[in-house]
Amino acid sequence: MNKIAFIFPGQGAQSTGMGLSLFENFNSAKKVFKTADTILNKNVSTMCFEGPDEVLKQTTNTQSCLLAVSIAALEALKEASNNTIKADYVLGHSLGEYSAMYAAGVMDLDNILLAIQKRADLMQEACENSKPGAMTAVLGLSEEKIKECLKKASDKGVVSIANYNEPNQIVITGEMEAVNFANDLIKEAGAKRVVPLAVSGGFHSELMRNAGEKFKEFVNTLKINNANIPVITNVDSELTTKAEDFIKKMPAQIYSSVYWTQSIKKLLELGVNTFIELGNGKVLSGLNRKICPPDVKTYNVSDTDSLKTTLDALNAVNV
């Protein structure tokens, strides 16, 4: 018996032109983009389809655009498969968790769009009002050694782990001076690669706590339901279904680590053997190759061609 998880990408997966073929070929996807334009009172669809990159990569735009593309991909999959491809579990990477919550019925499209836009605005505001922040991807060094380096670097300021992306890739975050010092220590400790990321701030760190506190007030104004599919939440890699738990975890997620590797491993333990990445690119599919055993399949739906390829593959194995 196949068990399926839908997974949704986060910030960094964006590219100009994303979502256009879904918009052009599926009424359900077109409706998502039109709703996003209307609810957020800005041209989300044009930013996705035409960019420019400078506009698309601004946090206040990136998050709503990626959300719209992921939900459009989900709705296109439903339409193309006559709603026969069902998920047993859903999860998303950072902002992708909001696409997962939509897929699980935690919020409707209007509410999820409003939530992600408020989240993005508060995170952008936090970047502008805090000390300069930075993030770095560390490849090929153990979690234990990274944590030792961060402990030493914390003398220079806020620095912590942002993302556990896969067993050999951990992202660190925090104040720029502390992150830069940690980078040097991590290189000395033997990391294979230390790659500074092109981001506007120290996301998923204490620099974002004020944004999280403000977001808490906004979350209380939203209509939030119990999930009809378990969501594996970033902050603890636990199955979450109760509305009150989402209300607590959504603000905390802004300044907490993303336990992605742990979440995927949890799903493997639960018997998931098929993942479908819904949204732009194949970032999560790449991470899955590093986390999952070879017999676990990961498909992606980012445009019309990849949707057809995924459906053909799933039909061939009678999922």
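If you're wondering where the values come from, they're calculated on a predicted model, not measured in any experiment.
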Donor-acceptor pairs are to be reported for all side-chain atoms of residues 206-219 against protein atoms at under 3.5 Å, with residues two or more places apart or in another chain.
from: Glu206; atom 1: OE1; to: Arg209; atom 2: NE; distance (Å): 2.7
from: Glu206; atom 1: OE2; to: Arg209; atom 2: NE; distance (Å): 3.3
from: Glu206; atom 1: OE2; to: Arg209; atom 2: NH2; distance (Å): 2.9
from: Arg209; atom 1: NH1; to: Tyr255; atom 2: OH; distance (Å): 3.4
from: Glu213; atom 1: OE1; to: Lys216; atom 2: NZ; distance (Å): 3.4
from: Lys214; atom 1: NZ; to: Glu125; atom 2: OE2; distance (Å): 2.6

>> Any heavy-atom pair between the side chains of Asn226 and Thr241 that's under 4.5 Å?
In response: no
> Which hydrophobic side chains are connected to Val296, either touching it within the sub-4.5 Å cutoff or through other members that do?
Replying inline: Ile7, Tyr89, Leu91, Ile232, Leu239, Val258, Trp260, Ile264, Leu267, Leu268, Leu270, Val272, Phe275, Leu284, Leu287, Ile291
>> Membership question, hydrophobic clusters at under 4.5 Å side-chain separation (ILVMFWY): are Leu56 and Val199 in the same one?
In response: yes
Using residues 39-49 as the side-chain source, report each donor-acceptor pair under 3.5 Å to any protein atom, sequence neighbours left out, with the distance given to one decimal.
from: Lys42; atom 1: NZ; to: Thr60; atom 2: O; distance (Å): 2.9
from: Lys42; atom 1: NZ; to: Asn61; atom 2: OD1; distance (Å): 3.0
from: Lys42; atom 1: NZ; to: Gln117; atom 2: OE1; distance (Å): 3.0
from: Asn43; atom 1: OD1; to: Ser45; atom 2: OG; distance (Å): 3.0
from: Asn43; atom 1: OD1; to: Thr46; atom 2: N; distance (Å): 3.2
from: Asn43; atom 1: OD1; to: Thr46; atom 2: OG1; distance (Å): 2.8
from: Asn43; atom 1: ND2; to: Thr46; atom 2: OG1; distance (Å): 3.0
from: Ser45; atom 1: OG; to: Asp37; atom 2: OD1; distance (Å): 3.4
from: Ser45; atom 1: OG; to: Asp37; atom 2: OD2; distance (Å): 2.6

> Within the distance-only criterion (no hydrogens, no angle test), does the side chain of Asn225 pair as donor or acceptor with the backbone N or O of Gly105 below 3.5 angstrom?
Replying inline: yes
> Are the side chain of Asn273 and the backbone N or O of Lys3 linked by a donor-acceptor pair below 3.5 Å?
Replying inline: yes
>> Measuring from atom CE of Met123 to atom OG of Ser200, what distance do you get when rounded to the nearest 0.5 angstrom?
In response: 8.0 Å
> Just by modelled atom types, is the Met107 backbone N or O under 3.5 Å from a matching donor or acceptor in the Asn111 side chain?
Replying inline: no
> What do you reckon, is CD of Glu128 surrounded by more than 12 foreign heavy atoms closer than 6.0 Å?
Replying inline: yes
> Taking all non-hydrogen atoms of both residues, which atom of Gly96 and which atom of Phe8 are closest, and how far apart?
Replying inline: O-CB, 3.5 Å
> Does Tyr164 have any ring-ring contact (aromatic ring centres under 6.0 Å, His included) partners at least two apart in sequence or in another chain, and if so, which?
Replying inline: Tyr259
> Which atoms form the tightest heavy-atom contact between Leu109 and Val32, and what is the distance?
Replying inline: CD2-CA, 4.1 Å
> For Lys31, which residues count as a salt bridge (Lys or Arg N to Asp or Glu O under 4.0 Å) partner, sequence neighbours excluded?
Replying inline: none
>> Quick check for you: to the nearest 0.5 Å, what is the distance between Asn300 atom CG and Asn288 atom CG?
In response: 11.5 Å
> Which pairs with one or both residues in residues 240-258 pass salt bridge (charged side-chain N to carboxylate O under 4.0 Å, His left out), sequence neighbours excluded?
Replying inline: Asp236-Lys249
> So, Glu166 and Arg289, do they make that salt bridge, N to O below 4.0 Å?
Replying inline: no
>> Looking at Leu139, is its backbone amide N or carbonyl O close enough to the side chain of Asn168 to form a donor-acceptor pair, meaning the two atoms are under 3.5 Å apart?
In response: no
>> I need the Ile116 CD1 to Tyr102 OH distance, nearest 0.5 Å.
In response: 14.5 Å
>> Show every salt bridge (charged side-chain N to carboxylate O under 4.0 Å, His left out) that has at least one partner inside residues 59-75, sequence neighbours left out.
In response: Glu75-Lys78
> Should we count NZ of Lys266 as having more than 12 external heavy atoms under 6.0 Å?
Replying inline: yes
> Would you find a donor on one side and an acceptor on the other, under 3.5 Å apart, between the side chain of His204 and the backbone of Thr173?
Replying inline: no
>> Show me the pairs that pass side-chain hydrogen bond (donor to acceptor under 3.5 Å, both in side chains) and involve residues 152-161, at least two apart or across chains.
In response: none
> Which residue pairs pass the side-chain hydrogen bond (donor to acceptor under 3.5 Å, both in side chains) test when at least one of the two sits in residues 9-30, sequence neighbours left out?
Replying inline: Gln11-Thr59, Gln11-Gln63, Ser15-Asn280, Thr16-Asp53, Ser21-Thr304, Asn25-Thr304, Ser28-Glu79
> Which pairs pass side-chain hydrogen bond (donor to acceptor under 3.5 Å, both in side chains) with one or both residues in residues 179-197, sequence neighbours excluded?
Replying inline: Thr136-Asn183
> Is it true that a side-chain atom of Thr84 and a backbone atom of Ser81 form a donor plus acceptor pair closer than 3.5 Å?
Replying inline: yes
> Which heavy-atom pair separates Ala68 from Ala36 by the least distance, and what is that distance?
Replying inline: CB-CB, 4.4 Å
>> Suppose we screen for side chain to side chain contact (heavy atoms under 4.5 Å, CB included). Which residues come up paired with Glu54, at least two apart in sequence or across chains?
In response: Pro52
> Is there a donor-acceptor pair closer than 3.5 Å between any side-chain N or O of Gln124 and the backbone N or O of Gln58?
Replying inline: no
>> Running the 4.5 Å side-chain criterion over Ile, Leu, Val, Met, Phe, Trp and Tyr, what cluster does Leu185 land in, apart from itself?
In response: Phe181
